[in-house]
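Heads up: the structure comes next, in structure tokens.
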Amino acid sequence: MDYRRSYLRDLFAAAPGAEVEAYGWVKTRRDSKNVSFVQLNDGSCFNDLQVVVPEGAIDESTLKRITTGACVRFTGTLVESPGGKQAVELQAKGVEVFGEADPATYPLQKKGATMEFLREIAHLRPRGNTFGAVFRVRAQAAFAIHEFFHRRGFHYIHPPIITASDAEGAGAMFHVTTHDPYAGKPADPAADFFGKPAFLTVSGQLEAETLALALTNVYSFGPTFRAENSNSARHLAEFWMVEPEQAFCSLEGNMNLAEEFLKEVIGAVLDRCAGDLEFFNQRIEPELLSTLSHVVNSPFERLTYTEAIKLLEASGEAFEFPVFWGADLQSEHERWLTEKKVGRPVILTDYPKEIKAFYMRQNEDGKTVRAMDVLAPRIGEIIGGSQREERLDHLEARITEMGLPMEAYWWYLDLRRFGSAPHAGFGLGFERLLMYVTGMKNIRDVIPYHRTPGSAEF
RNA sequence: UGCCGCAUAGCUCAGUCGGUAGAGCAGCUGACUGUUAAUCAGCGGGUCCUAGGUUCGAGUCCUAGUGCGGCAGCCA
């Protein structure tokens, strides 16, 4: 056995008449008087291979071990299929059973399981249609992201996952310690592993900026952690984030990059995962394919926050939360804009400085900052970014205004002391992108093992 | 974390007015000339989430807890 062999993906493209092997897991077996049919899948592509077992080809006691969930290798001849649902099938001559699966206790059925139940058997769900497709799309999307940046000369960087800075301000953080938190002794950071409090990163942005102001165009793509007690279909405590950062880049350049990025990655998945997306379109989200091709082929709407507020005020909608200049936009407002008003992704820019982070570049009006959020129908905010404040005095003033600890930012401020440059970047939630591309409704179902409050199984 | 809803067979669910447990699918046994969510017949399968309470009697009503979901918030 060797990875250099045929996979089901290859068999579907092979010429009938070939003698082949087929490795995989059994989806179902159907028996007739003289013949048995086995649906086999190895995860190499969406389609199952139909294996035909003529009477006598395999002895009955072995055939009985080939049940749903079993792992097997068939040998036989690839032939054109007389059945309507597949071009080729395997005429079996022999089989080896690697692992049986007791049909009475194997929890995956071919019919009618809810997403909630499948989440409880997350170690087995990749064997089903839906999650096989999810994780193939996840892999292709991740690869397409690296390709996108690589082709444009961006350098892939690796900001630390453990950080001693608790001042990033992007959300509640997980502590990292070698001390027993349940021992009841008083906390003593100086005696801990790093000699001070340490945390899991909530964003690599500040570190990415330091590399952008040397390598010009960089991006990171890795796990990110937020200890927020959020219980929603759009939040995880551990998720993957893509964070490009560009020197010599304005907010407009940042928006252009974000739009090109989404279009190219979605386009790549449309190209390379056609079978998987077809399934999502049929069974998960009926409008998926038309929506995605529309997104790839039409420009994103770009609005300033101020324009968006005016549109919302003129909408005539009875919103639960009031709309006024200075208010943070609520989900209902974002949804109206992107789903009802525009019907495709919207980029909102130039938010009031009071509702955005300290590092965003201040506009000349003294009221707004060069922030941008990309909002997508169905899932809301998929990207958040900004042009960064590159002027030392402006940045220091904002840190003081917001009551943040100036000392903690000494190295971040050094970037503005020594060779500062206009620069911009954004953060993209990888799982949110996957929700958008697959039509899956819960973010817990686009990652193999979700981490959420009260949930760290597997 | 707040509001709302749900929890019954392996899965998906029904269970009327409070009177002692049901279906479909899955599984098992058999039938069937190539099936493809195969079909047909038969069989087995229950801590009705947990703990209290009301009642002659609770799957059903009440209280608390737990889990899950929806919406909201936090954001990516």
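The structure presented is a predicted model; accordingly, all values stated were derived computationally and were not measured. We name chains A, B, ... by the order of the sequence lines, and we start the count at 1 in each one.
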Separation of the [atom1] atoms in [N] and [M], to the nearest angstrom:
{"N": "B:rU60", "M": "B:rA51", "atom1": "P", "answer": "13 Å"}
{"N": "B:rG70", "M": "B:rG30", "atom1": "P", "answer": "44 Å"}
{"N": "B:rG59", "M": "B:rA9", "atom1": "P", "answer": "14 Å"}
{"N": "B:rC48", "M": "B:rA41", "atom1": "P", "answer": "31 Å"}
{"N": "B:rC11", "M": "B:rG69", "atom1": "P", "answer": "16 Å"}
{"N": "B:rU50", "M": "B:rU35", "atom1": "P", "answer": "47 Å"}
{"N": "B:rA76", "M": "B:rA64", "atom1": "C1'", "answer": "37 Å"}
{"N": "B:rC75", "M": "B:rC17", "atom1": "C1'", "answer": "50 Å"}

Practice task
Can you check whether any acceptor in the base of B:rU35 is under 3.5 Å from a donor in the side chain of A:Gln50, or vice versa?
Solution key: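 Result: at least one qualifying N/O pair found.
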Practice task
Assess whether one donor atom and one acceptor atom, taken from the side chain of A:Gln109 and the base of B:rG10, lie less than 3.5 Å apart.
Solution key: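 For A:Gln109, whose side chain was compared with the base of B:rG10, there is a donor-acceptor pair (under 3.5 Å).
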Closest approach to the side chain of [X], judged atom by atom: which nucleotide of [options] is it?
{"X": "A:Lys85", "options": "B:rA37, B:rA38, B:rA72", "result": "B:rA37"}
{"X": "A:Asn229", "options": "B:rC75, B:rA72, B:rU1", "result": "B:rU1"}
{"X": "A:Pro103", "options": "B:rU35, B:rA76, B:rC28", "result": "B:rC28"}
{"X": "A:Arg444", "options": "B:rG69, B:rC75, B:rG70", "result": "B:rG69"}
{"X": "A:Gln330", "options": "B:rA72, B:rA76, B:rC68", "result": "B:rA72"}
{"X": "A:Lys33", "options": "B:rU35, B:rA76, B:rC32", "result": "B:rC32"}
{"X": "A:Phe117", "options": "B:rU12, B:rC71, B:rU35", "result": "B:rU12"}
{"X": "A:Met241", "options": "B:rG70, B:rA76, B:rA38", "result": "B:rA76"}
{"X": "A:Asn231", "options": "B:rU1, B:rG69, B:rU12", "result": "B:rU1"}
{"X": "A:Arg335", "options": "B:rA72, B:rG69, B:rU1", "result": "B:rA72"}

Look at [X] and [N] and indicate whether a side-chain polar atom (N or O) is within less than 4.0 Å of OP1 or OP2.
{"X": "A:Arg30", "N": "B:rA38", "result": "yes"}
{"X": "A:Arg119", "N": "B:rG69", "result": "yes"}
{"X": "A:Ser230", "N": "B:rG73", "result": "no"}

Would you classify [X] as touching base, sugar-phosphate or nothing, given that sugar-phosphate means primed atoms plus P, OP1 and OP2, and contacts are heavy atoms under 4.0 Å?
{"X": "A:Glu89", "value": "base"}
{"X": "A:Gly83", "value": "base"}
{"X": "A:Thr224", "value": "nothing"}

Exercise for the section: Give a yes or no on whether the backbone of A:Phe46 and the side-chain of A:Asn41 come within a donor-acceptor separation of less than 3.5 Å. Expected result: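 A pair under 3.5 Å: yes.
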Problem - Backbone N/O of A:Leu434 and side chain of A:Thr438: donor-acceptor pair under 3.5 Å - result: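 Checking the backbone N and O of A:Leu434 against the side chain of A:Thr438, a donor-acceptor pair under 3.5 Å is found.
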Go ahead and name the base partner of [N]; Watson-Crick or wobble counts if both distances stay under 3.5 Å, otherwise write none.
{"N": "B:rU66", "answer": "B:rA7"}
{"N": "B:rU47", "answer": "none"}
{"N": "B:rA41", "answer": "B:rU29"}
{"N": "B:rU16", "answer": "none"}
{"N": "B:rG2", "answer": "B:rC71"}

Handout entry: Separation between CZ of A:Arg378 and CZ of A:Arg432, rounded to the nearest 0.5 Å
Key =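 Here the rounded value is 13.5 Å.
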Problem - Distance-only side-chain donor-acceptor flag, A:Thr368 / A:Lys353, under 3.5 Å - result: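 The criterion, which ignores hydrogens and geometry beyond distance, is not satisfied for A:Lys353 and A:Thr368.
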Handout entry: Polar contact flag, side-chain donor to acceptor under 3.5 angstrom, A:Gln86-A:Ser81
Key =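 Yes, side-chain donor-acceptor contact under 3.5 Å.
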Spacing between [X] atom [atom1] and [N] atom [atom2], to the nearest angstrom:
{"X": "A:Asn129", "N": "B:rU36", "atom1": "CG", "atom2": "P", "answer": "17 Å"}
{"X": "A:Met173", "N": "B:rC75", "atom1": "CE", "atom2": "C1'", "answer": "15 Å"}
{"X": "A:Gln91", "N": "B:rU35", "atom1": "CD", "atom2": "C1'", "answer": "13 Å"}
{"X": "A:Asp31", "N": "B:rC40", "atom1": "CG", "atom2": "P", "answer": "16 Å"}
{"X": "A:Asp328", "N": "B:rA72", "atom1": "CG", "atom2": "P", "answer": "15 Å"}
{"X": "A:Ile383", "N": "B:rC75", "atom1": "CD1", "atom2": "C1'", "answer": "14 Å"}
{"X": "A:Phe37", "N": "B:rU39", "atom1": "CZ", "atom2": "C1'", "answer": "13 Å"}
{"X": "A:Ile355", "N": "B:rG73", "atom1": "CD1", "atom2": "P", "answer": "13 Å"}

Practice task
State whether A:Glu238 and A:Arg226 are salt-bridged, where the test is any N-O pair (Lys NZ or Arg NE/NH1/NH2 against Asp/Glu carboxylate O) under 4.0 Å.
Solution key: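 No, A:Glu238 and A:Arg226 are not salt-bridged.
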Problem - Comparing A:Leu236 and A:Lys441 on RNA chain B - which has the more 5′ nearest nucleotide - result: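 On the 5' side of the pair lies A:Lys441.
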Handout entry: Of A:Thr68 and A:Ser455, the one whose closest RNA chain B nucleotide lies more 5'
Key =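 Closest to the 5' end, via its nearest nucleotide, is A:Thr68.
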Problem - Sub-6.0 Å ring centroid separation between A:Phe261 and A:Phe149 - result: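 That pair passes the under 6.0 Å test.
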Problem - Distance flag, aromatic centroids of A:Phe358 and A:Tyr409, threshold under 6.0 Å - result: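 Here the rings of A:Phe358 and A:Tyr409 have centres that are less than 6.0 Å from each other.
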Problem - Minimum heavy-atom distance A:Gly425-A:Asn254, with the two atoms named - result: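 Scanning both residues completely, I find the closest heavy atoms to be O-ND2, 3.0 Å.
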Exercise for the section: Kindly state whether the pair A:Phe430 / B:rA76 counts as stacked, where counting means centroids closer than 5.5 Å and planes tilted less than 30° apart. Expected result: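 A:Phe430 vs B:rA76: stacking no.
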